[in-house]
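Quick notes on the structure that follows.
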Amino acid sequence: MSVDDAHAIVRNALQGADESTPGLHELRLADLNEAEREHAIAALRSLHQLDEALAVRSELHMVEIPWDEGVGGDA
């Protein structure tokens, strides 16, 4: 698997593959209980970090983080 293929999979997980296949950005954290929300935030943070690392070697750009607080940073 090429780095571009791996990066495309991560991007699809975050953004969704198309309109009928949503990504994790569509997950409503408010609908989750506290434990689920903590796991979801950790998973999203990790995927955004992987996205950033793959973007260094990939032809694809990083996915924009649709929120400012908590996920993807040093929260």
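Numbering of residues begins at 1 and proceeds along the displayed sequence. The figures that follow rest on heavy atoms only: side chains count, while hydrogens, waters and symmetry mates do not.
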Output, in order, the C-alpha distance, side-chain angles, deciding distance and verdict of side-chain contact (heavy atoms from CB on, under 4.5 Å) for L14 and L44.
CA-CA 8 Å; L14 290 167; L44 285 162; 4.0 Å; yes
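Of the possible polar contacts, none joining the D51 side chain to the M62 backbone as a donor-acceptor pair under 3.5 Å is found. Checked by atom type and distance alone, the side chain of R11 pairs as donor or acceptor with a backbone atom of H61 at under 3.5 Å. Of the possible polar contacts, none joining the T21 side chain to the A17 backbone as a donor-acceptor pair under 3.5 Å is found.
Taking CD1 of I65 as the start and CG of L47 as the end, the distance is 11.0 Å to the nearest 0.5 Å. Atom CG of residue D31 and atom CZ of residue R37 lie 9.5 Å apart, to the nearest 0.5 angstrom.
Inter-residue side-chain proximity for H25 and V63 is flagged as met; some heavy-atom pair is nearer than 4.5 Å. At a threshold of 4.5 Å between non-hydrogen side-chain atoms, the residues I41 and E38 do not count as touching.
Within the hydrophobic cluster formed by Ile, Leu, Val, Met, Phe, Trp and Tyr side chains joined at under 4.5 Å, directly or through other members, I9 is accompanied by M1.
Smallest separation of non-hydrogen atoms from A8 and L60: N-CD1, 3.8 Å. When every heavy atom of D4 is checked against every heavy atom of S58, the shortest pair comes out as OD1-OG, 2.8 Å.
One hydrophobic cluster, built from ILVMFWY side chains closer than 4.5 Å, holds both V3 and L50.
Take D18 and apply the salt bridge (charged side-chain N to carboxylate O under 4.0 Å, His left out) test, not counting sequence neighbours, and it matches no residue.
Within a 6.0 Å radius of CD in E36, more than 12 heavy atoms belonging to other residues, nucleotides or ligands are found.
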